[in-house]
> 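My questions will all concern the structure given below.
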Amino acid sequence: MADHDAVRRAAEQAERELGGIDVWVNAAFTGSLAFFWDTSPQEYRRMTEVTYLGQVNGTRAALERMRPRNRGVVVNVGSAMAYRSIPLQSAYCGAKHAVKGFTESVMTELAHEKSGVRICMIQLPGLNTPQFDWNLNRMPRHPMPVPPIFQPELAARGIVFLAEHPRRNMWVGLSTAATVLGERLAPKLLDLYLGRTGVKSQQTGKDAPRYEPNLDRPADADHDPGAHGAFDDQAHGSDPMLWMSRHRRAILAGIGTAAAAAIAAAALRG
């Protein structure tokens, strides 16, 4: 994904073998658990190229095919860390902030030309995926997602829903909503809280698999690890925020109906 020409060739091959691309999801990233000053310039650049420019390259390849047809959906996978950065993941947080800014700019350009192509964002919480078995780690204990942890199927359901019902932005995880809103209301308080708890909360003493880091090449696992990581015992399989996001219109309609009934009742009493 960091190589624009390689992404373009992959898109061409997909269309030759499978037909026109209707939905394109950008989700590739590589990350680390390390203090900024313990991360080399080369490592930092690589994480940025994959995590940020990977989405730029994917969006470019998708739009080259979708804009002439005036249809299609691009979903850029973001994170609560696109709004609120945490310790030990400065490259990843910076890239996700950049993805948000990039995506919003392209949204305005598509709106300017009244395009039928939609570009969307989905913001995710900490997920129980195998990424924590092969990311770069310079901390004494095994990496883990920031709690509360959610199962990856929730993210997948959100992405599928967004592809079929495109909208500007979607949140998955109550913790994502709390993080975004908390950053808007009390950013300095979050600085202090994360400085005190954020390093410890991303490490575990759990005996979990560990592979070579996938920073420069795919992880050297001798089998497909599947979608789940080592935290099934801690991960939530349901999420009220996802349910509310998927049923937003019905909820708003219900609130509107209840408000109208309350106003009518008050008028009758008056």
> State the CZ-OG distance between R196 and S201, to the nearest 0.5 angstrom.
11.0 Å

> First locate atom CZ of R8, then atom CG of N57, and finally report the distance between them rounded to the nearest 0.5 Å.
10.5 Å

> Given side chains that start at C-beta, do those of F29 and Q131 come closer than 4.5 Å, heavy atoms only?
yes

> Mind checking what makes side-chain contact (heavy atoms from CB on, under 4.5 Å) contact with D3, not counting sequence neighbours?
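If we apply the side-chain contact (heavy atoms from CB on, under 4.5 Å) test to D3, skipping adjacent residues, the hits are D5, A6.
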
> So do V106 and L63 actually touch side chain to side chain, heavy atoms under 4.5 Å?
yes

> For the side chain of R138 and the backbone of D38, is there at least one donor-acceptor N/O pair under 3.5 Å apart?
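Answer holds: yes.
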
> Could you state the interatomic distance from OG1 (T176) to CE (M241), rounded to the nearest 0.5 Å?
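Atom-to-atom, T176:OG1 and M241:CE are 8.5 Å apart.
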
> I'd like to check the side-chain contact (heavy atoms from CB on, under 4.5 Å) partners of T39; sequence neighbours left out, ordered by chain and number.
A34, E43, Y44, M47

> Distance check, rounded to the nearest 0.5 Å: S32 atom OG versus N137 atom CG?
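Between S32 OG and N137 CG, I get 8.5 Å after rounding to 0.5 Å.
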
> Within this structure, what is the CD1-CD distance for the pair I149 and Q234, rounded to the nearest 0.5 Å?
4.5 Å

> Provide the closest heavy-atom pair for Q203 versus P140 in the form atom of the first, atom of the second, distance.
OE1-CD, 3.3 Å

> Are H112 and S115 side-chain neighbours, meaning at least one heavy-atom pair lies under 4.5 Å?
no

> Of V73, V74, V75, V117, which is the lone residue that meets side-chain contact (heavy atoms from CB on, under 4.5 Å) with P166?
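One option only clears the test, and that one is V73.
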
> Test side chain to side chain contact (heavy atoms under 4.5 Å, CB included) on K96 and Y52; report intermediate values, then the result.
CA-CA 7 Å; K96 288 301 185 182; Y52 171 51; over 6 Å; no

> Mind listing the closest non-hydrogen atom pair of V25 and V23 along with its distance?
CG2-CG1, 4.1 Å

> So Q202 and I86, do their side chains get closer than 4.5 Å, heavy atoms only?
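Contact flag for I86/Q202 side chains = yes.
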
> Provide the full list of salt bridge (charged side-chain N to carboxylate O under 4.0 Å, His left out) pairs with a residue in residues 109-133, sequence neighbours left out, each pair given once.
R67-E113

> Which residues satisfy the salt bridge (Lys or Arg N to Asp or Glu O under 4.0 Å) test with R69, sequence neighbours excluded?
E15

> Answer whether the closest heavy-atom distance between the side chains of P145 and L127 falls below 4.5 Å.
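Not in contact.
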
> Are H236 and P148 close enough that some pair of their side-chain heavy atoms sits under 4.5 Å apart?
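Of all side-chain heavy-atom pairs linking P148 with H236, at least one is under 4.5 Å.
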
> Same cluster or not: L136 versus L33, using hydrophobic residues (I, L, V, M, F, W, Y) connected whenever any side-chain heavy atoms lie under 4.5 Å apart?
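No, because L136 and L33 fall into different hydrophobic clusters, even though each may have its own neighbours under 4.5 Å.
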
> With sequence neighbours excluded, tell me which residues meet salt bridge (Lys or Arg N to Asp or Glu O under 4.0 Å) with R141.
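With sequence neighbours excluded, R141 shows a salt bridge (Lys or Arg N to Asp or Glu O under 4.0 Å) to no residue whatsoever.
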
> Is there a side chain to side chain contact (heavy atoms under 4.5 Å, CB included) between T30 and E49? Walk through the geometry before answering.
CA-CA 9 Å; T30 186; E49 287 175 341; over 6 Å; no

> Going by the rule side-chain hydrogen bond (donor to acceptor under 3.5 Å, both in side chains), which residues pair with N26 if we only count those two or more places apart in sequence or in a different chain?
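Here the qualifying residues are W24, T59, N76.
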
> For residues V160 and L124: do they belong to one hydrophobic cluster (side chain heavy atoms under 4.5 Å, members Ile, Leu, Val, Met, Phe, Trp, Tyr)?
no

> Under 4.5 Å between side-chain heavy atoms, counting indirect links through other Ile/Leu/Val/Met/Phe/Trp/Tyr residues: same cluster for F150 and W171 or not?
no

> Sequence neighbours excluded, which residues qualify as side-chain hydrogen bond (donor to acceptor under 3.5 Å, both in side chains) partners of K206?
D233

> Nearest 0.5 Å, what's the OG1-OH distance between T179 and Y83?
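Spacing of OG1 (T179) from OH (Y83) equals 11.5 Å.
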
> Using the test salt bridge (Lys or Arg N to Asp or Glu O under 4.0 Å), find all partners of R60 that sit at least two apart in sequence or belong to another chain.
none

> Distance-only, no hydrogens or angles: does the H97 side chain make a donor-acceptor pair with backbone N or O of A82 under 3.5 Å?
yes

> Is there a continuous path of hydrophobic side-chain contacts, each under 4.5 Å between heavy atoms, that joins V99 to V56?
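Yes, because V99 and V56 connect within a single hydrophobic cluster, where side-chain heavy atoms sit under 4.5 Å apart.
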
> Mind listing the closest non-hydrogen atom pair of T103 and C120 along with its distance?
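Looking at all heavy atoms of both residues, the closest pair is CG2-O, 4.3 Å.
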
> Mind running side chain to side chain contact (heavy atoms under 4.5 Å, CB included) on D232 and Q151 for me, showing each step along the way?
CA-CA 8 Å; D232 278 331; Q151 295 290 23; 3.0 Å; yes

> Do M170 and I119 land in one hydrophobic cluster if side-chain heavy atoms of ILVMFWY residues count as linked below 4.5 Å?
no

> Among all residues two or more places apart in sequence or in another chain, which pass the side-chain hydrogen bond (donor to acceptor under 3.5 Å, both in side chains) test with R84?
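If we apply the side-chain hydrogen bond (donor to acceptor under 3.5 Å, both in side chains) test to R84, skipping adjacent residues, the hits are E183, D191.
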
> Under the side chain to side chain contact (heavy atoms under 4.5 Å, CB included) criterion, do M107 and M121 qualify, and how do the steps go?
CA-CA 10 Å; M107 284 177 183; M121 294 180 291; 4.0 Å; yes

> Kindly indicate whether the side chain of L174, heavy atoms from C-beta on, has any atom under 4.5 Å from the side chain of P240.
yes

> Do N128 side-chain atoms and G229 backbone N/O form a donor-acceptor pair below 3.5 Å?
yes

> For the residue pair A27 and V77, what are the closest heavy atoms and their distance?
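Minimum heavy-atom separation between A27 and V77: CB-CG2, 3.9 Å.
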
> Where is the tightest heavy-atom contact between G116 and N70, given as atom of each residue plus distance?
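Heavy atoms only, the tightest pair is N-OD1, 2.7 Å.
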
> Is any side-chain heavy atom of T204 less than 4.5 Å from a side-chain heavy atom of F231?
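Counting from C-beta outward, T204 and F231 do come under 4.5 Å.
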
> Would you find a donor on one side and an acceptor on the other, under 3.5 Å apart, between the side chain of T51 and the backbone of T48?
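No.
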
> Check ring pair (Phe, Tyr, Trp, His ring centres under 6.0 Å) between F102 and all other residues, then give those that pass, not counting sequence neighbours.
none

> Quick one: salt bridge (Lys or Arg N to Asp or Glu O under 4.0 Å) partners of R168, sequence neighbours excluded?
E104

> Give a yes or no on whether the backbone of P209 and the side-chain of H142 come within a donor-acceptor separation of less than 3.5 Å.
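Yes: the side chain of H142 pairs with the backbone of P209.
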
> Can you give me the closest heavy-atom contact between F161 and S245, atom names plus distance?
CE2-O, 4.1 Å

> Looking at R45, I want to see if its CZ is surrounded by more than 12 non-hydrogen atoms of other residues, nucleotides or ligands under 6.0 Å.
no

> Please list all pairs passing the salt bridge (charged side-chain N to carboxylate O under 4.0 Å, His left out) test where one or both residues lie in residues 145-159, with sequence neighbours left out.
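Sorted pair list comes back empty.
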
